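Throughout, numbering of the chain's residues begins at 1 and tracks the sequence. Computed from a predicted model, the values in this text were never measured in an experiment. These values consider heavy atoms only, across backbone and side chains, with no hydrogens, waters or symmetry-generated copies.
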Amino acid sequence: MTNKKFYLTTPIFYPNAKLHLGHAYTTTISDILVRYHRLVGERTYFLTGSDENTQKMVDAARKEGQEPLVFLDGIVAKFSSLFKELDISYDQFIRTTDRKLHWPGAQKLWTKLVESGDIYKKEYEGLYCTGHEAFVTEKDLVDGKCPDHGTVPERIKEENYFFRLSKYNDTIKNKIESGELHIVPQARKKEILSFLGDGLQDVSFSRPHRADWPEGLGIPVPGDESQVMYVWCDALSNYITALGYGRDDALYQEFWQDNEARMHVLGKDILRFHGAIWPGMLLSAGLPLPKTLLVHGFITSGGKKMSKTLGNVIDPEELLAEYGTDAVRYFLARHMSPFEDGDITRESFKDAYNAGLANGLGNLASRIMQLAQTHLSAPVKLEYKPFPKEFSDALDNFEIHKATEYVWDRISALDRKITETAPFKVVKEDAEKGRAIITELTTELAFIDQMLEPILPATSKKIIEAIMANKKPENLFPRKE
């Protein structure tokens, strides 16, 4: 065991529609990292949630003809269902409409920024992208449209509170350059440093209270209930409010204040929010910054952005229904790099499934345990071994694809060993020697299974139970034609 702690968060997702494969990717790689840190004996805390105080959600609810809060509960239930299907082992799901768990910390953080002299009020006119729930500039647009959402931003003029983000530009830049705020991969570090090189502008921090919003939506600005908090202090603060900041802060002290492993996993489209605005807020409030931002790429299909128009949208729920939880986790872990954009098609998924799971892991476990069940009189003795350095190094460096590839290299090597040693022949000629080979094969399978646990938890459990019972497991991954 170790005294180390590990705190990991995903972004909180907009509940305006069902989650897509990108959300599944974020949560799955996060879960793999958290499960790994648990297995090496670290005390962990894993947070995810939903960003609910948004115009995007209200618009989606009205489009469906539902009351926003009723619509919201239905969508969040679907979030939870998908995460359960993906076997996501989060410790907490934070909702920003939660007046008890979230609002006190968000309002305390706002007050801290006021005390630092970093909140002021002014009239503002700008371009507002509902898709981002953020103001954008002309240079962010392509042909007058948001490149991420393909929509023309709305021009809005209103009086808001602002946060003096510009004040912290150089400090944030220095912390990123020094590695104190570690941004992975290097390409994303260069990207945010380039953005900081242009100089940060102060950001709008509140919106006028919307009369057409239902009660319970939007956190009132302390001391001015005519305004509600804008996305930054409302949404980004979840990473500490969920731990009890602003109320019972025991978890906050343990996992944020006194912890050296504070990690955010996020998509590259929200790097500026997490690499600039959030650090600026924390610096203003005198709070610790996150230690690591793991910034992953997008998922395309057939080399193109997924689109209903193109007909190339791949729904994670459909993959889960057809192939199962661990098949989806396997593809996302092995065939996607956290550091680059990844691609998936239905054909590439089926090919990967058949090659790596049906013909690979599933066939290997079946072959070895059939031999063990037939020729061994008792289960092999299991002993915990430390993870191999190659595997641990890969996960410590967030190279989930490399860690998974290492496991499958071991699977292939063990498969070759069966062919080379031919235990099914040896056991007929020399029973004792044959049983020794089968014991060795089963022991190696158990060690591989140990590495599978954070990646394919359900399959890992089935294999180890089969080894402990000395019996052939069910068909783990039936071949798909």
To the nearest 0.5 Å, tell me how far Phe391 CZ sits from Tyr406 OH. 9.0 Å

Would one find more than 12 heavy atoms of other residues, nucleotides or ligands at under 6.0 Å from atom CD of Glu340? no

Side chains of Leu445 and Leu364: does their closest heavy-atom pair fall under 4.5 Å? yes

Within a strict 4.5 Å, meaning less than it, do heavy atoms of the Glu440 and Lys417 side chains meet? yes

When every non-hydrogen atom of Pro15 is compared with those of Leu72, the smallest separation belongs to CG-CD1, 3.2 Å

How are the rings of His23 and Phe13 set relative to one another: parallel (under 30°), tilted (30 to 60°) or perpendicular (over 60°)? perpendicular

Do Glu52 side-chain atoms and Arg95 backbone N/O form a donor-acceptor pair below 3.5 Å? no

For Gly244, does its backbone N or O pair with a side-chain atom of Asp249 as donor and acceptor, under 3.5 Å? no

Salt bridge present between Asp98 and Arg247 (N-O < 4.0 angstrom): no

Take Leu39 and Gln450 through the side-chain contact (heavy atoms from CB on, under 4.5 Å) test and state the conclusion after the steps. CA-CA 9 Å; Leu39 287 170; Gln450 188 178 307; over 6 Å; no

Check the angle between the aromatic planes of Tyr7 and Tyr45 and answer parallel, tilted or perpendicular using the 30° and 60° thresholds. tilted

Lys268, NZ: over 12 other non-hydrogen atoms inside 6.0 angstrom: yes

Check step by step if ring pair (Phe, Tyr, Trp, His ring centres under 6.0 Å) holds for Tyr330 and Trp408. CA-CA 11 Å; Tyr330 163 77; Trp408 256 260; 4.7 Å; yes

What is the distance from atom NE2 of His296 to atom OG of Ser30, rounded to the nearest 0.5 Å? 7.0 Å

Ring centroids only, cut at 6.0 angstrom: are His274 and Tyr239 within range, meaning strictly under it? yes

Ring-plane angle category for Phe398 and His182, please: parallel below 30°, perpendicular beyond 60°, tilted otherwise. tilted

Do the non-hydrogen side-chain atoms of Val231 and Asp51 ever get within less than 4.5 Å of each other? yes

Distance alone, cut at 3.5 Å: any donor-acceptor contact between the side chains of Glu42 and Thr44? no

Thr48 side chain to Phe93 main-chain N or O, any donor-acceptor pair under 3.5 Å? no

Can Gln370 and Ser366 be said to form a side chain to side chain donor-acceptor pair (under 3.5 Å), step by step? CA-CA 6 Å; Gln370 180 64 64; Ser366 177; 5.9 Å; no

Could you grab the distance from atom CG of Leu47 to atom OG1 of Thr241, nearest 0.5 Å is fine? 8.0 Å

Met306 and Ile314 have their tightest heavy-atom pair at SD-N, 3.5 Å

Please check if atom CD in Glu67 has more than 12 non-hydrogen atoms from other residues, nucleotides or ligands closer than 6.0 Å. no

Salt bridge (Lys or Arg N to Asp or Glu O under 4.0 Å) between Glu390 and Arg410: does it pass, once the steps are laid out? CA-CA 11 Å; Glu390 297 92 331; Arg410 296 286 291 255; 6.0 Å; no

Spell out, as yes or no, whether a donor-acceptor pair under 3.5 Å connects the side chain of Trp256 to the backbone of Arg262. no

Locate the shortest heavy-atom distance separating Val265 from Pro11; write the atom from each residue and the value. O-CD, 2.9 Å

Are the charged groups of Asp415 and Arg367 less than 4.0 angstrom apart, N to O? yes

CD of Glu405 to CD of Glu399, rounded to nearest 0.5 Å, is 12.5 Å

To check you understand the geometry: which heavy-atom pair defines the closest contact between Ala261 and Lys5, and what is its length? CB-O, 3.3 Å

Under a 4.5 Å cut-off applied to non-hydrogen side-chain atoms, are Pro290 and Leu181 in contact? yes

Does a side-chain N-to-carboxylate-O contact under 4.0 Å join Asp140 and Arg272? yes

Would you call Glu317-Lys18 a salt bridge at under 4.0 Å N-O? yes

Using only atom types and a distance under 3.5 Å, with no angle test, would you say the side chain of Trp278 pairs donor to acceptor with the backbone of Ser237? no

Once rounded to the nearest 0.5 Å, what's the spacing between atom OG1 of Thr27 and atom CD1 of Ile88? 4.0 Å

Measure up the Tyr384 and Phe387 rings against each other and bin them: parallel (under 30°), tilted (30 to 60°), perpendicular (over 60°). perpendicular

Identify every side-chain donor-acceptor pair in residues 474-481 under 3.5 Å, counting partners at least two apart or on other chains, and give the distances.
from	atom 1	to	atom 2	distance (Å)
Arg479	NE	Glu481	OE2	3.3
Lys480	NZ	Glu322	O	3.0

Show the numbers, then the answer: is there a side-chain contact (heavy atoms from CB on, under 4.5 Å) between Glu254 and Asn259? CA-CA 6 Å; Glu254 179 179 6; Asn259 179 22; over 6 Å; no

With heavy-atom distances below 4.5 Å as the criterion, would you say the side chains of Arg329 and Pro457 are in contact? yes

Starting from the C-alpha separation in whole Å, work towards a yes-or-no answer on side-chain contact (heavy atoms from CB on, under 4.5 Å) for Leu361 and Thr459. CA-CA 10 Å; Leu361 174 61; Thr459 301; 4.0 Å; yes

Look only at the side chain of Asp343 and the backbone of Gly302, and say whether a donor-acceptor pair between them is shorter than 3.5 Å. yes

Considering only heavy atoms from C-beta outward, does the side chain of Leu33 approach that of Leu294 to under 4.5 Å? yes

Would a 4.5 Å heavy-atom cut-off, applied to side chains only, mark Lys350 and Glu347 as touching? no

Taking Lys173 first and then Glu177, would you say they form a salt bridge - that is, a charged N and a carboxylate O separated by under 4.0 Å? yes

Is Arg188 salt-bridged to Glu191, going by a charged N under 4.0 Å from an acidic O? yes

Under 3.5 Å, side chain of Thr374 to main-chain N/O of Leu371, donor-acceptor pair present? no

Considering only heavy atoms from C-beta outward, does the side chain of Met57 approach that of Leu217 to under 4.5 Å? yes

Indicate the atoms forming the closest heavy-atom contact of His401 with Pro338, along with that distance. ND1-CD, 3.3 Å

Shortest non-hydrogen contact from Ala466 toward Pro473: CB-CB, 3.8 Å

Nearest 0.5 angstrom please: Leu236 CG to His264 NE2, how far? 8.0 Å

Any sub-3.5 Å donor-acceptor pair from Asp449's side-chain atoms to Ile463's backbone N or O? no

Polar side chain donor-acceptor pair, Asp87 to Thr325, under 3.5 angstrom: no

Show your reasoning for whether side-chain contact (heavy atoms from CB on, under 4.5 Å) applies to Arg43 and Phe255. CA-CA 9 Å; Arg43 180 163 160 76; Phe255 284 104; 3.7 Å; yes

Is a donor on one side and an acceptor on the other found under 3.5 Å between the side chain of Ser301 and the backbone of Ile344? yes

Strictly distance-based, threshold 3.5 Å: is any side-chain N or O of Asn238 a donor or acceptor partner for the main-chain N or O of Ala235? yes

